[in-house]
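Below, read A as the first sequence line, B as the second, and so on, with proteins coming before strands; counting in each chain starts at 1.
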2 protein chains.
Amino acid sequence: MLMQNRQAFQPVEAATDIARGGRSLGSLFQMSTVEVVPAGKAICWEGDAAKHLFQVVEGVVRLQRIIGEGRRVITAFHFAGDVIGAFLQSDFLFTAEAVTDCKIRRVSRKSFNEEVGRCDLLRPEYISLLCKETVAAHDQMVLLSKKNAEERLCTFIARLVSRRNAEVHKGLLRIPMNRQDIADYLGLTIETVSRTITKLASRNVLLPEGRHDLRIVNLRRLQELSGNPDDFSEKTCHSVSLH
Amino acid sequence: MLMQNRQAFQPVEAATDIARGGRSLGSLFQMSTVEVVPAGKAICWEGDAAKHLFQVVEGVVRLQRIIGEGRRVITAFHFAGDVIGAFLQSDFLFTAEAVTDCKIRRVSRKSFNEEVGRCDLLRPEYISLLCKETVAAHDQMVLLSKKNAEERLCTFIARLVSRRNAEVHKGLLRIPMNRQDIADYLGLTIETVSRTITKLASRNVLLPEGRHDLRIVNLRRLQELSGNPDDFSEKTCHSVSLH
DNA sequence: CGTGTCCTTGAGCTACTTCAATTTATGTGG
DNA sequence: CCACATAAATTGAAGTAGCTCAAGGACACG
């Protein structure tokens with residue numbers, strides 16, 4: 001039914017194949033204990049030495065950067081299975097905060113690097129993770145650079161829908177984050193996010209049910225409105241040179 | 001004098017240490033012949049199978065994506081020494097075009113991966129490259145998400161200035177790309193770019209000399225106007241939690 | 001020296017923001 | 001379990017940064 005061909009979301013789920021028994025990135029976290037992080041609490045701080053990597057076991061985490069007074073950018077959301085901090089070299093370039101109550105595991109960067117350096121099976125997965133993060137970041141650059149409010153919101157919702165493990169129960173999509181989170185992720189204001197949802201509702205694309213659930217009425221239409229050409233019409237505008 | 005602490009620009013110079021004699025990523029391209037690409041011509045196309053990686057030997061290259069009719073996003077500029085396509089897994093996610101007359105080298109993805117997989121010295125450099133690309137992409141997300149026209153342009157110019165090998169001859173900075181390129185990179189229109197330059201000139205921050213050169217009158221001020229907190233005042237707004 | 005392209009400047013417009021007032025959800029204590 | 005309190009979300013009205021459209025000017029090419 002849904003067929004976004006590239007990665008579904010900013011972060012990239014790295015685990016899930018723990019079950020495969022094989023030595024996967026996710027398995028590196030298996031030996032460490034689970035920590036509980038209540039909603040709103042920080043996991044790590046921008047500017048601090050990145051001594052650990054984290055894996056989300058349960059819940060949703062946001063990565064954010066604060067620039068100037070009151071300006072916040074959310075660069076990614078991370079879900080169960082995702083690894084946080086893979087691309088960091090020395091310091092955290094973001095503050096990671098729990099959006100919902102979370103469970104996480106951590107491993108030290110040192111031992112992570114040692115394991116990845118040693119194990120020939122882990123390395124491709126690690127590299128693949130880095131590549132996908134970059135691809136996701138580029139997609140977000142396109143969104144922030146050229147999409148209008150409606151396209152941004154539809155893209156966001158479409159990404160949520162097509163996440164593996166997405167909380168979709170008979171057309172009801174769980175939105176774990178609040179409007180401010182969504183706004184800061186999409187480069188908009190809460191008001192614009194709110195108004196855009198209302199507009200989509202009036203057009204029978206979706207139907208908000210409470211603050212944290214959306215009934216997806218017309219997924220097809222939603223995807224069309226996301227302004228992602230390749231999501232349905234495959235390649236239309238590739239190889240079209242401007243100027 | 002200049003002191004941007006993070007990477008100077010979107011792409012990350014990977015070579016330059018060819019001279020070190022050591023086996024570096026750049027050295028992988030040494031054995032292949034130099035190709036000449038005239039300004040405006042494409043090096044690879046979005047959607048095509050990414051069978052090669054490229055290294056810029058001379059000139060400037062832009063990576064761009066076309067979305068919808070007439071909407072173009074430039075995700076990065078690449079300069080001499082930079083590697084293009086490091087983070088690609090299968091297909092090109094961008095069209096690479098020469099901004100100026102260029103010289104490039106290419107290696108096949110296959111042999112690149114083999115070499116990197118084999119050589120323990122190359123791998124950290126490769127991973128480091130991937131990490132830096134992601135970091136650069138995140139910086140660009142912040143720019144596109146929260147910065148106004150003036151901050152965007154100042155950030156852009158400051159990045160150009162602090163590039164290693166930057167073409168700065170006694171305060172005169174070479175701008176190889178045209179206004180449309182700058183606009184599509186910064187998420188603005190040519191008109192806004194033009195007006196913003198005029199405004200900065202009237203405030204004695206810089207002085208345009210022809211279409212492709214800027215005299216940097218007040219670098220300090222330029223950096224301040226770029227809205228990058230950590231560029232001079234170190235950490236001011238870190239660890240400030242909203243909400 | 002002319003011609004085409006790129007850049008600049010102006011004037012009006014619009015999508016989104018800002019500020020402010022309600023309305024709706026969520027959680028708490030009686 | 002309900003009434004209340006507080007935070008979050010919605011809606012409205014007014015403001016604005018940047019866009020669009022259009023014209024004039026500068027640069028680079030033959």
Exercise for the section: Using distance alone, with no hydrogens and no angle criterion, decide if A:Arg72 and A:Gln64 have a side-chain donor and acceptor under 3.5 Å apart. Expected result: yes

Write down the protein N/O and nucleotide N/O pairs, taken from nucleotides 18-22 of chain D, whose separation is under 3.5 Å; answer none if there are no such pairs.
from, atom 1, to, atom 2, distance (Å)
D:dG18, OP1, B:Ala149, N, 2.8
D:dC19, OP2, B:Thr189, N, 3.4
D:dC19, OP2, B:Thr189, OG1, 3.0
D:dC19, OP2, B:Thr192, OG1, 2.3
D:dT20, O4, B:Arg195, NH2, 2.9
D:dC21, N4, B:Glu191, OE2, 3.0

Atom [atom1] of [X] to atom [atom2] of [N]: distance rounded to whole Å?
X	N	atom1	atom2	result
A:Ile190	C:dT23	CD1	P	18 Å
A:Met177	D:dA8	CE	C1'	16 Å
A:His212	D:dA7	NE2	P	15 Å
B:Glu151	D:dA17	CD	P	13 Å
B:Ile175	C:dT8	CD1	P	11 Å
A:Arg179	D:dA7	CZ	P	18 Å
B:Asn178	D:dA28	CG	C1'	14 Å
A:Leu214	C:dA25	CG	P	14 Å

Handout entry: Distance below 4.0 Å between B:Thr198 side-chain N/O and C:dT9 OP1 or OP2
Key = yes

Problem - Geometric cation-pi criterion B:Arg62 and B:Tyr185, 6.0 Å radius, 45° cone - result: no

Handout entry: Minimum heavy-atom distance between B:Glu151 and A:Arg71, given as atom pair plus value
Key = OE2-NH2, 3.0 Å

Fill in the blank from the handout: Those residues at least two apart in sequence (or on a different chain) that pass side-chain hydrogen bond (donor to acceptor under 3.5 Å, both in side chains) with B:Glu58 are none

Exercise for the section: Please confirm whether A:Phe87 and B:His138 have ring centers closer than 6.0 angstrom. Expected result: yes

Problem - Check: D:dA26 base within 3.5 Å donor-acceptor of B:Arg211 side chain - result: yes

Handout entry: Salt bridge present between A:Asp101 and A:Lys41 (N-O < 4.0 angstrom)
Key = no

